[in-house]
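Only this structure's heavy atoms are used, side chains among them; waters, hydrogens and symmetry mates stay out. Note that the coordinates shown come from a computational prediction; the quantities given were computed from them, not determined experimentally.
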Amino acid sequence: SLGNVTFHNKLGTQAARIDRIAALAREIAPVVGADADLAEQAAKVAKADLSSEMVYEFPELQGLMGRYYAQAAGLPQEVANACQQHYSPLGPSDEVPTEPVSVAVAMADKIDTLTGFWAIDEKPTGSKDPYALRRAALGVIRLVLENGVRVALSGVFTQGYEGADESDLLSFFHDRLKVFLRDQGIRHDVIDACIAMEGNDDLTLLVKRARALEAFMSSEDGENLLQGFKRANNILSQAEEKDGVEYSYGADKKFIEDAAEAALFDALAANEGAISSAIEAEDFAAAMGGMAALRGPVDAFFEAVQVNSDKEVVRRNRLNLLSQIRKVCGQVADLSRIEA
């Protein structure tokens with residue numbers, strides 16, 4: 001009977017929507033450790049109670065009645081639980097489902113809603129959000145983060161409703177994530193610095209990076225290194241604009257004139273590999289440790305050395321050394337987005 005119930009005049013019936021959610025739940029299942037057949041079965045019956053007299057009379061019982069009907073029909077317990085839990089989390093303090101089948105159906109339900117309304121260009125504007133899309137995005141964010149799900153959301157969006165602008169939807173998710181993390185004490189500019197990095201659609205990885213960067217930026221080493229980075233970046237950007245070239249070749253040791261310059265050269269060489277291996281291993285605390293080790297040499301370099309030397313070859317070499325600071329620090333996050 002849900003084939004006769006319109007979900008939205010541009011998005012078809014509830015029955016068509018249920019088929020889409022079932023297909024999507026099947027795709028999401030392996031990512032969240034759920035059995036694909038059970039996830040598909042759960043998605044197919046999760047909204048069956050919407051056609052019951054009971055839910056028609058008492059809409060607040062949707063989901064709960066679904067669980068009772070599924071149990072009465074002798075369906076597996078995970079399927080019955082998903083009928084009740086797939087609407088969650090409804091708000092910021094609502095409990096997040098943790099059973100894999102429930103997580104798969106809950107994510108599929110919300111992502112179908114989001115990609116559908118994105119495809120027909122019915123996005124939230126200002127304070128208006130008639131289809132509770134902000135709540136749906138926050139629901140997906142919490143399902144992902146609180147279950148430690150590792151998934152590239154862009155790939156999941158492409159499996160949702162056709163025609164949604166995935167990059168626009170991802171930036172909507174990033175905005176919701178900023179609001180969510182700001183309440184946990186992570187600054188918006190720190191999140192921006194991490195969003196600028198590759199793999200920003202893996203929210204679990206993004207938040208791991210942001211938490212480590214937040215902790216580093218609140219330390220004395222982090223604050224000072226940021227000042228050094230900003231200074232290097234400014235001098236470099238001005239020189240590149242003036243000279244019309246990009247200084248990105250790395251410095252050559254034979255043109256080094258000052259001990260502080262040599263110490264910085266060695267520190268960058270020593271830490272670049274350590275930082276990149278730490279990032280590859282997703283050990284962001286170790287990566288921040290590598291950054292902290294650069295603070296002293298960067299400070300000492302700016303104390304002792306004038307970058308714009310009269311000798312052109314020395315000046316160019318020093319600018320290439322600054323570009324090495326930018327490159328090494330840039331592996332961790334886009335520090336230029338952090339407010340000093």
Side-chain angles (χ1 to χ4, degrees), residues 189-200 205-206 208-210 212-214 216-217 219 221-258 260-309 312-340:
D189 55 341
V190 165
I191 305 163
D192 280 334
C194 297
I195 287 172
M197 305 305 286
E198 238 176 279
N200 66 4
L205 180 70
L206 175 58
K208 209 171 159 184
R209 188 190 292 264
L213 185 60
E214 175 72 39
F216 180 59
M217 282 303 149
S219 72
D221 280 341
E223 277 180 34
N224 283 355
L225 182 65
L226 180 64
Q227 300 304 333
F229 170 84
K230 294 255 185 202
R231 194 168 168 188
N233 201 30
N234 288 340
I235 295 170
L236 197 52
S237 304
Q238 285 166 4
E240 286 179 336
E241 201 174 316
K242 179 175 166 243
D243 302 347
V245 293
E246 194 181 302
Y247 291 102
S248 56
Y249 298 105
D252 188 329
K253 211 160 184 181
K254 67 171 182 276
F255 299 124
I256 283 175
E257 291 190 332
D258 191 283
E261 204 176 346
L264 177 59
F265 181 93
D266 292 341
L268 287 164
N271 283 287
E272 179 176 14
I275 291 172
S276 62
S277 333
I279 285 170
E280 227 160 274
E282 295 179 13
D283 184 349
F284 293 109
M288 300 304 158
M291 297 259 283
L294 295 176
R295 177 229 160 149
V298 168
D299 284 353
F301 172 81
F302 282 120
E303 281 288 305
V305 172
Q306 187 183 352
V307 176
N308 289 316
S309 160
E312 194 48 36
V313 68
V314 172
R315 174 180 172 267
R316 277 205 303 270
N317 200 50
R318 284 174 180 169
L319 288 167
N320 275 317
L321 190 57
L322 296 189
S323 85
Q324 201 61 15
I325 298 176
R326 183 160 72 180
K327 181 179 165 209
V328 172
C329 294
Q331 298 179 105
V332 174
D334 181 355
L335 299 188
S336 67
R337 290 172 190 259
I338 296 184
E339 292 158 14

Can you find a heavy atom in the side chain of R326 that is under 4.5 Å from one in the side chain of S237?
-> yes
State which residues pass side-chain hydrogen bond (donor to acceptor under 3.5 Å, both in side chains) with R209; sequence neighbours excluded, sorted by chain then number.
-> none
Is any side-chain heavy atom of M197 less than 4.5 Å from a side-chain heavy atom of L205?
-> no
Please report the C-alpha distance between L264 and I325 in whole Å, then the side-chain angles of each, then the deciding distance to 0.1 Å, and finally whether the side chain to side chain contact (heavy atoms under 4.5 Å, CB included) criterion is met.
-> CA-CA 9 Å; L264 177 59; I325 298 176; 3.9 Å; yes
Closest contact, heavy atoms only, V190 versus A210 = CG1-O, 3.6 Å
Tell me, please, which residues at least two apart from A270 pass side-chain contact (heavy atoms from CB on, under 4.5 Å).
-> none
Can you name the side-chain hydrogen bond (donor to acceptor under 3.5 Å, both in side chains) partners of E280, sequence neighbours left out?
-> none
With sequence neighbours excluded, what pairs up with E246 under the side-chain contact (heavy atoms from CB on, under 4.5 Å) test?
-> E240, S248
For V313, which residues count as a side-chain contact (heavy atoms from CB on, under 4.5 Å) partner, sequence neighbours excluded?
-> F255
Donor-acceptor pairs under 3.5 Å, side chain of residues 298-306 to any protein atom, not counting sequence neighbours: which ones?
unit_1 : atom_1 : unit_2 : atom_2 : d
D299   : OD2    : R295   : NE     : 3.3

Under the side chain to side chain contact (heavy atoms under 4.5 Å, CB included) criterion, do F265 and L321 qualify, and how do the steps go?
-> CA-CA 7 Å; F265 181 93; L321 190 57; 4.1 Å; yes
Any salt bridge (charged side-chain N to carboxylate O under 4.0 Å, His left out) involving residues 248-257? Give me the pairs, sequence neighbours left out, ordered by first then second residue.
-> D252-K254, K253-D266, E257-K311, E257-R318
Side chain to side chain donor-acceptor pair (under 3.5 Å): which pairs involve residues 331-340, sequence neighbours left out?
-> D334-S336, D334-R337
Can you check whether F229's main-chain N or O pairs, donor with acceptor, with N233's side chain at less than 3.5 Å?
-> no
Kindly indicate, with the supporting measurements, whether the criterion side chain to side chain contact (heavy atoms under 4.5 Å, CB included) is fulfilled by Y247 and L322.
-> CA-CA 8 Å; Y247 291 102; L322 296 189; over 6 Å; no
Taking all atoms of both residues into account, what is the closest heavy-atom pair of L236 and S323, and its distance?
-> CD2-CA, 3.4 Å
Using the test side-chain hydrogen bond (donor to acceptor under 3.5 Å, both in side chains), find all partners of D192 that sit at least two apart in sequence or belong to another chain.
-> K178
Residues in side-chain hydrogen bond (donor to acceptor under 3.5 Å, both in side chains) with K327, at least two apart?
-> E272
For S219, side-chain contact (heavy atoms from CB on, under 4.5 Å) partners two or more places apart = F216, D221
Worked verdict on L294 versus L225 for side chain to side chain contact (heavy atoms under 4.5 Å, CB included) | CA-CA 7 Å; L294 295 176; L225 182 65; 4.1 Å; yes
How would you list, by chain and number, every residue that makes a salt bridge (Lys or Arg N to Asp or Glu O under 4.0 Å) with D189, sequence neighbours excluded?
-> R187
